[in-house]
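What's counted below: heavy atoms across the whole structure, side chains too, no hydrogens, waters or symmetry copies. Every chain is numbered from 1 and lettered A, B, ... according to where its sequence line falls, protein lines coming before strand lines.
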Amino acid sequence: MSMPKTYDFASTEERLYLWWEKNGWFKPECRPADAEPFVISIPPPNVTGELHMGHAMFVALEDLMIRHARMRGKAALWVPGTDHAGIATQLQVEKMLRASGTSRQEIGREEFLDATWEWKDKYGGRIVRQLRGLGASCDWDRQRFTMDDGLSEAVLEAFVRLYRMGLIYRGERLVNWSPGLQTAVSDLEVEYSDEEALLYYFTYPIDGGGGIPVATTRPETILGDTAVAVHPEDERYGQYIGRMARVPILNREIPVIADAYVDREFGTGALKITPGHDHNDFEIGQRHGLPLVNVMNKDATMNEQAGPYAGLTREDCRGRLWADMEAAGLTLKTEPYVRQTPRSQRGGEIIEPLLSKQWFVDVEPMAKMALEAVRSGRIRIVPERFGKVWENWLTQIRPWCISRQLWWGHRIPVYYVNGDEAQLVVARTEEEAYALARQRYGEEVVLEQDPDVLDTWFSSALWPFSTLGWPAETPDLRRYFPTDVLETGYDILFFWVARMAMTSLLFMNDIPFHTIYLHGLVRDEHGRKMSKTLGNVVDPLEVVAEYGTDALRFTLLTGGTPGNDLNLALSKVESNRNFANKIWNIARFVSRSIERVSPADRPAAPDYSTADQWILARLTETVASVNRLFDSYLYGEAGRQINDFLWGDFADWYVETAKVQLGEGGGRAWTTLSVLRYVLDQALRLLHPYIPYVTEETWQQLKAAFQEAGLGIAPNEGWAEALIIADWPRTTALDLPAAADFELLRELVRSIRNARAESGVVPGRKISAIIAGPGADRLAPMKPVLAFLAGLDEERLTFAAGAAAPENCLTLSLGEVTGYLPLAGMVDLDQERERLREELADTSAQIERVSGLLAGPFAQKAPPPVVQKERERLVRLEASRDELAGRLAALEA
RNA sequence: GGGCGCUUAGCUCAGCCGGUUAGAGCACUUCGCUUACAACGAAGGGGUCGGGGGUUCGAGUCCCUCAGCGCCCACCA
């Protein structure tokens, strides 16, 4: 059994993944039937999407949670799946059709859907393979797709129920229309960007003389104006209220109305009202009973209502109309203006508020429940501050437009009777629809299903329960619902998370998860959003290929804090790749050390050295701290602490010390090896949820090596079959009285190393030392360790509490102990005096500070342990000062 | 117009319940291939924790305020 010098993730990852999966460890059934479940529903990626850092982030976090729960003995279930992503997928397929010289309109609905399913089958597996590559321990047998049979049934069920509850209705409303996609989109799918534009000023002529100046950013909407509004108390225009104005060019007659919505301070203080093309104007129009005039077609060209401008694009119309108005002497001026331009989240084209007939969900009753769930603490949001965002959005929520004029998606289960849209039935299936229709409208009915499909988010809103079988009462639904944690990026809190909470509370009468954990966006090294145009996109697959999955995962998990964006630096990924290698090499050392111990060395009772006690105590502290941090979802900090422990304490100090202890042979060596094994084993367990591959591989190597050796060194529980299902560490109460002495040793070693370096002692040269002071006796048992770590000559290393300083030595004063280093011929006495003076000054300053502290109110008001710590510090400082002063006096004499 | 976040070493970030002259990685300087690891080790330099005020025995950590940067929500033409 030999481990190569460098950890080779490339030959490890896939092998382990397949092995874990083959053994059923990704399934909750690998735990006893009475085990407590722990469930996460995956945020389903777009079925034909490509892996990006956001995916890597959620996989890292959710897999961490799942693996942790699994190791704690829970029936951990991570339900995987993909989303049909209506608009995104349809766009991709349409693009493909265009490339092959056809279009969806040309091939028709049925053939288009066939093509899309084909596309899905062809590319749908890719994202899943990529998720697997990141180590996601999902139960792939339970994988779902938003358009598979079961989930489609759930969608129908949900729609029908909502409709029958009166929460779904159809209405002609001003919706956000995407002219290129030719579909409505929801409010959430519109993004506003500040863009340079012009504000056009012109005069509305009033019948009977005079005029009202108004301003607009979109002159083409003038053609749809149905009123001019002024503030009721505006003296400038009061005379015109109730009179008639004339729409430029069209000469249509419209009223001048008064509405307090108008801001007298802004622009001209008067407002043109276009209820058919502006959301605010729509509301004003409703208040005043104004007619709606729609001047545009679905493709955002002007329609017959635009008179002479019919057929023009909205942009062309704007130019032509303005030119005509200028010619007619109606214009006043234009000025530069920054406009909040509504753009489609998908295509980026300008969204047109357009009058159209759509289906809506009245989400208010559900929103109330979702609000209450968070307010009452039934659902907890991490980080907490997002609770406020939740509150704001849900309290001012508006109806959700759920119909999309697309083909790829769940078709709306509404059937119109005999071509009359006023007569309709809503049913789960066509048969059911016919039955209903016949009942209501007679035997001779012909039904036609609504051509529209549902918003993609409608199906994902049901995800936590639809994936478990709902509406069927399946065993999975009973056992695994509600799920536990919903982990995702804060950017889809409204799109997805809030809607899941709403539908679950309505249909399941329960919360869908008790905790919402939100992570931030992954940005580039300098905090810029990753974008193709900027060319700063970091591809997770490339990172994984170069540094390994573990390195990327650990970077994402420890590089930031919950809910905050993370700037990804490759230099960090590289150091974390090195961390994996460090782990590997520690294990390599421990494995190799086995041959230095024989079963006969086993002591009757364990006798832990100071170093053993120290590392065991540090392990206990680390485990306790990690568990506490995990309880608060502070995975980043926990990961950093494990890293510090393993590298900074275990590798840098204990492993080095172990080299000496192993050399002593006998029971000492045996115990040392058992401590090495135990601590490494526990650390690997703590790290497994973060970096599953290197930990499992290392653990298996260790296990094999120890089993082969038959040393009788093993944890009480024995070895589990695999780390992935091994027990999560628990804190143990051990009596470790000497643990603190090792800290003293570390201090002394560091101090000696420093002195050596500053005096230019060549590394290989062993020097002599005298260790004095009250702590000397406690360090004496560690003589060989001290000698090894500090490069001392063991023959010329002595411990004596009252030892006097020899001639020509350096003095290292630590308070409890003092080290004298007689560096024959190398001590520059002037330099040493200077150094001692500096240290003395520094020490005295500290004494002044601490004694001042202890003399003040601090001693009474601070908690006793804190005061005690300062008292002890003062004692050490004073001892140090006396020592330094003494030495200085001696040298100055 | 509301709300939120960030501002700590040259860079990227930690610092969780306030505890006493601030930590990591990278970069930098010096030294070392010592039989786990040069994807490493040892030593070192580097920060008035954005500004101001307050609470407290004690503040990077809590409160107020100002500034800069970023994000979200919102109906100012």
(message) Taking any heavy-atom pair under 4.0 Å as a contact, classify A:Asp652: base, sugar-phosphate, or nothing.
(response) sugar-phosphate
(request) Look at all strands and tell whether A:Gly856 reaches a base, only sugar-phosphate, or nothing, counting heavy atoms closer than 4.0 Å. (result) nothing
Taking atom [atom2] of [N] as reference, at what distance in whole Å does atom [atom1] of [X] sit?
X        : N     : atom1 : atom2 : result
A:Arg588 : B:C40 : CZ    : C1'   : 12 Å
A:Ile273 : B:C75 : CD1   : P     : 16 Å
A:Leu629 : B:C17 : CG    : P     : 11 Å
A:Trp653 : B:C37 : CH2   : P     : 20 Å

Between the side-chain atoms of [X] and the base atoms of [N], is any donor-acceptor pair under 3.5 Å?
X        : N     : value
A:Arg753 : B:A42 : no
A:Glu656 : B:A36 : yes
A:Lys5   : B:A36 : no

(request) For the side chain of A:Ala651, starting at C-beta, report the closest nucleotide among B:A36, B:C57, B:A77. (result) B:A36
Below 4.0 angstrom from OP1 or OP2 of [N], is there any side-chain N or O of [X]?
X        : N     : result
A:Lys582 : B:G41 : yes
A:Lys659 : B:A36 : yes
A:Tyr337 : B:A77 : yes
A:Thr561 : B:A14 : yes
A:Lys869 : B:U20 : yes

(message) Distance check, P atoms only: B:C64 and B:C69, in whole angstrom units.
(response) 23 Å
(request) Classify the angle between the aromatic ring planes of A:Trp322 and A:Phe202 as parallel (below 30°), tilted (30 to 60°) or perpendicular (above 60°). (result) perpendicular
Provide the Watson-Crick or G-U wobble partner of [N], both distances under 3.5 Å; none if there is no partner.
N     : value
B:C16 : none
B:U56 : none
B:U35 : none
B:G44 : B:C28

